[in-house]
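Scroll down for the structure; my scribbles are underneath it.
In what follows, residues are counted from 1 in the order of the sequence shown. Values below: all heavy atoms of this structure, side chains included; hydrogens, waters and symmetry mates excluded.
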Amino acid sequence: MTVQELHPREARHHSGAIVRSRRFASQFEVDGHVLALGVEPGVRGGLYYLPSTPTWDDGTPVPRDIAAGMQTVIEEVERFWGHWPEFRAVL
């Protein structure tokens, strides 16, 4: 796992994805495409709501290979920040 902090609460994962974490929302970015994710504060980390069929903010579908690895990337970045996130699927 290699994570590089870009700004406070913004980091680049070795896969090239960027995660920006905010109090009630986070952004997952790959190659200029952004996906906003709902997050609730938790005890040891945020509770992320991942869509079952993710689409970028511009409405285009997130490729399957990126969607399949999204949870792992977010988890590794959050652990870099010392948090232990949880995940829920949004149908």
Side-chain angles (χ1 to χ4, degrees):
M1 165 180 67
T2 305
V3 176
Q4 174 190 15
E5 187 166 30
L6 301 174
H7 299 287
R9 306 302 296 156
E10 180 178 354
R12 181 185 319 274
H13 186 263
H14 68 86
S15 66
I18 296 173
V19 176
R20 292 179 192 90
S21 181
R22 305 292 183 255
R23 184 169 172 90
F24 295 107
S26 286
Q27 291 182 332
F28 179 84
E29 179 180 332
V30 176
D31 295 331
H33 295 285
V34 177
L35 171 63
L37 300 168
V39 181
E40 289 183 12
V43 175
R44 295 177 40 192
L47 173 58
Y48 280 79
Y49 292 94
L50 300 178
S52 58
T53 308
T55 58
W56 299 117
D57 287 354
D58 65 6
T60 60
V62 175
R64 285 182 186 243
D65 60 325
I66 293 173
M70 187 179 347
Q71 180 174 330
T72 301
V73 169
I74 293 168
E75 188 170 30
E76 289 180 4
V77 170
E78 286 287 341
R79 286 188 180 174
F80 170 79
W81 287 324
H83 302 137
W84 296 88
E86 295 180 53
F87 299 90
R88 299 287 185 271
V90 177
L91 303 176

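There is a path of hydrophobic side-chain contacts, each under 4.5 Å, that joins Phe87 to Val73. In terms of hydrophobic clustering, with Ile, Leu, Val, Met, Phe, Trp and Tyr side chains grouped at heavy-atom distances under 4.5 Å, Trp81 and Ile18 are assigned to different clusters.
Of all heavy-atom pairs spanning Val3 and Ala11, the tightest one is CG1-CB, 3.6 Å.
Separating the CD atom in Glu78 from the CZ atom in Arg9 is a distance of 5.5 Å, to the nearest 0.5 Å. Taken to the nearest 0.5 Å, the CD atom of Glu86 stands 11.0 Å off from the CD atom of Gln71. How far CZ of Arg12 is from CZ of Phe80: 13.0 Å, rounded to the nearest 0.5 Å.
Tyr49 pairs by the ring-ring contact (aromatic ring centres under 6.0 Å, His included) definition with nothing, not counting sequence neighbours. For the side chain to side chain contact (heavy atoms under 4.5 Å, CB included) test, residues two or more places apart in sequence or in another chain that qualify with Pro63 are Trp56, Asp65, Ile66.
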Could you pull out every donor-acceptor pair under 3.5 Å between side chains of residues 26-39 and any protein atom, sequence neighbours left out?
{"unit_1": "Ser26", "atom_1": "OG", "unit_2": "Arg20", "atom_2": "O", "d": "3.4"}
{"unit_1": "Ser26", "atom_1": "OG", "unit_2": "Tyr48", "atom_2": "OH", "d": "3.4"}
{"unit_1": "Gln27", "atom_1": "OE1", "unit_2": "Arg20", "atom_2": "NH1", "d": "3.2"}
{"unit_1": "Glu29", "atom_1": "OE1", "unit_2": "Arg20", "atom_2": "NH1", "d": "2.7"}
{"unit_1": "Glu29", "atom_1": "OE1", "unit_2": "Arg20", "atom_2": "NH2", "d": "2.6"}

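A donor-acceptor pair is defined here as one N or O able to donate and one able to accept, closer than 3.5 Å; such a pair exists between the side chain of His13 and the backbone of Ser15.
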